[in-house]
Amino acid sequence: MPSKASKVITRRGTFIHTFNDLNIGIEMEIDTKRPLILAHPAAGNHYHASISFAQELNHPFIQVVIDKYPHFPDTWPNESSTAGTFMRYQRLNDTVNGDPVFRVCDEKQPHWQIQVANDANMYLRKIPEVDILYLDWIDWIDDYQKSNQKGINIILKNVSNYVRDGGLIILDHKHELRKLFSTNFTDVCLSNFGGCTNSCISYSGEIEWLGENSSSELTAYNASVFTVEKKNQHSHQLDNYQQWFKKLIPEFAMSIKQINHVLKTNMTQYQHVDAYTWDMHNKNYIEQLKNDVCYPKYSNLTPPKEAWDFSSYQKFLIWLLENNHLLSDELDGRCYHHTFSNHKVNIFHGDIVELAPQLFHDNCFIAVRRALSKKIINRFPWWKESLVTLQTNEPWASNPIQDMTWSGANVSIKLIEEIMTLGAKKFKDRFHNRDNISSSFNIITIANGTGDLNELLRAFEHHITSEKNDCPFEMNLTVIHVDDFDYLETSLDKSWIRVN
Ligand SMILES: C[S@@+](CC[C@H](N)C(=O)[O-])C[C@H]1O[C@@H](n2cnc3c(N)ncnc32)[C@H](O)[C@@H]1O
């Protein structure tokens, strides 16, 4: 049967593995050029089992937890434990789709837990094939529900569609799934499934390992292992994975130049803007301590001091640079130069939330409406300090831009002027009292007015040539548009020249 039988595959982890004999570790080939992907459908809060499995493999990994009604690790009751009330996980960012991403703070290995609130069948059909599919509950499997046959073979055949060649299916024994099938797994060997000749799923033994449970207690987990072999090599090309990763984790959306800059400037890893942080915890505690009427009361949870310690984070960035096929290209757009000055307008096509990491730079500021700003900083919290506030968060306060109108005819001149003025102030405040002040700044916004290029250029020119504008710096305006028909280039006004 397996064509790769003669290949020596490294054993990984401290699993106790039994098949014909007893061994330590499981045999698995890992693609070292990318993070390993483990999917745990219908996980509920049993994701502790699958994350402890992935931690054993000693390679960067992404744990995709997919549940219609997910249990996030920063919500009750997962933190409370006999060990205390320390939060083991911290929330990092949201994916482009708005799913929260977490990490186990004391884990050195780069890893991400993506909590997807979706039907598992629907989600798994859309993503590239995973390396490991972790099964502890089978009712979510669509085709299995519809089928009259209820054996293990039908389950394996169904879920193996989601697993890459050489990947594993792990059948956790939690719900006595082993007993349920009352089959001797040694006999399980499915060949030529899913219309694919030379494909095969075979039983690879029983494993046991130690990992933490939801109460942070060390627990023995056990499972049966199945190996998938198939011949469709196309679906797991690195490029497919990179395109997916960059929508989940901001660093994968950044360019080599940006990651080098993050490393050089010693930037620390971000936490989600809504995360309950160590600083907030201490501030609350001190506030209560100062209040002599109340005794200081501990919050139920103590957050970690940092989500990802600085040296491990830097190691991850270096690993990314060594595997720079995982990074994104620099953004490709159009640039228009004002012929009578140094000011410029850039036009990029795409979704600003998706492009947020690629647009990030020290001297860039984003000016969009409040709701969109929130999506941007959820996706990439580093933008938090570089948002130009156009609308206040407090309903009682007056907005910096009165009567703001974003779309329609004759709105761009007022809007661009106000955005650029507020942006320039933000830039000056940032570099106030700094020696290394940048000579230029860039305000990033989205399509406005009628989405006409000359209208935009005229509005910007109106601002830079206005007597009211006393800004001595080089100004750049970047506009991101999603609609193909916006900002088409027709004949340019004389005062503008396209430079790329
Ligand atoms: C009984 S719990 C099992 C939780 C966990 N896997 C365990 O073994 O303890 C069933 C979980 O499946 C989820 N679920 C049911 N159907 C699903 C589907 N089609 N896609 C994703 N999650 C589903 C439910 O929301 C629930 O959290």
Side-chain angles (χ1 to χ4, degrees), residues 15 37-56 61-81 88-89 94-95 97-102 104 112-147 149-150 152 154-163 168-181 185 206-226 244 248:
F15 303 94
I37 306 153
L38 176 145
H40 189 164
N45 86 343
H46 200 52
Y47 55 77
H48 303 276
S50 56
I51 205 166
S52 71
F53 179 94
Q55 282 170 319
E56 284 285 327
F61 68 90
I62 299 177
Q63 181 203 28
V64 194
V65 177
I66 316 144
D67 199 295
K68 275 182 178 170
Y69 308 105
H71 292 237
F72 299 152
D74 61 351
T75 52
W76 184 89
N78 297 341
E79 267 73 46
S80 307
S81 77
R88 288 187 61 222
Y89 289 77
D94 287 356
T95 67
N97 292 338
D99 298 315
V101 179
F102 296 88
V104 178
W112 301 264
Q113 179 188 76
I114 321 286
Q115 285 272 1
V116 180
N118 204 338
D119 174 276
N121 303 282
M122 277 169 59
Y123 188 77
L124 287 166
R125 265 183 222 125
K126 283 191 301 199
I127 62 171
E129 290 173 341
V130 302
D131 300 292
I132 297 160
L133 191 95
Y134 197 93
L135 269 186
D136 57 10
W137 182 258
I138 52 177
D139 292 13
W140 63 272
I141 308 168
D142 245 1
D143 297 339
Y144 179 69
Q145 295 298 339
K146 289 177 206 149
S147 166
Q149 296 166 289
K150 294 289 175 202
I152 181 75
I154 300 296
I155 290 185
L156 292 177
K157 195 174 144 194
N158 270 307
V159 299
S160 62
N161 289 324
Y162 307 133
V163 182
L168 303 180
I169 299 170
I170 305 297
L171 190 76
D172 184 311
H173 294 172
K174 183 179 183 199
H175 296 291
E176 305 205 323
L177 287 178
R178 204 180 194 302
K179 276 193 205 149
L180 184 79
F181 298 116
F185 282 170
E206 300 294 302
I207 52 168
E208 192 172 318
W209 73 100
L210 285 177
E212 284 189 20
N213 64 13
S214 58
S215 308
S216 304
E217 296 153 344
L218 220 49
T219 306
Y221 292 108
N222 35 51
S224 306
V225 183
F226 298 89
W244 180 45
L248 307 178

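Order of listing sets the numbers, starting from 1, for every ligand and every atom in it.
- Under 4.0 Å from ligand 1, not a single heavy atom of Asp142 appears.
- Ring centers of Phe15 and Phe53: under 6.0 Å apart, within the cut-off.
- For Pro70, no heavy-atom contact with ligand 1 is shorter than 4.0 Å.
- Between Lys174 and ligand 1, an N or O atom pair is found at a separation short of 3.5 Å.
- Under the side-chain hydrogen bond (donor to acceptor under 3.5 Å, both in side chains) criterion, Asp67 pairs with no residue, sequence neighbours left out.
- In terms of polar-atom proximity, defined here as any N/O pair under 3.5 Å, His71 makes no such contact with ligand 1.
- Ring planes of Phe72 and Phe102: tilted class, angle from 30 to 60°.
- For the residues Ala120, Ala42, Gly44, Pro41, the heavy atom positioned nearest atom 6 (N) of ligand 1 is part of Ala42.
- In this structure, His46 and His40 have perpendicular ring planes: the angle between them is above 60°, well past the 30° mark.
- Between His175 and ligand 1, an N or O atom pair is found at a separation short of 3.5 Å.
- For Lys68, a nitrogen or oxygen atom sits less than 3.5 Å from a nitrogen or oxygen atom of ligand 1, counting backbone and side chain alike.
- For the side chain to side chain contact (heavy atoms under 4.5 Å, CB included) with Val159, the qualifying choice from Val130, Leu171, Ile169 is Ile169, the only one to do so.
- Salt bridge annotation for Arg125-Asp142: present, with a cationic side-chain nitrogen under 4.0 angstrom from a carboxylate oxygen.
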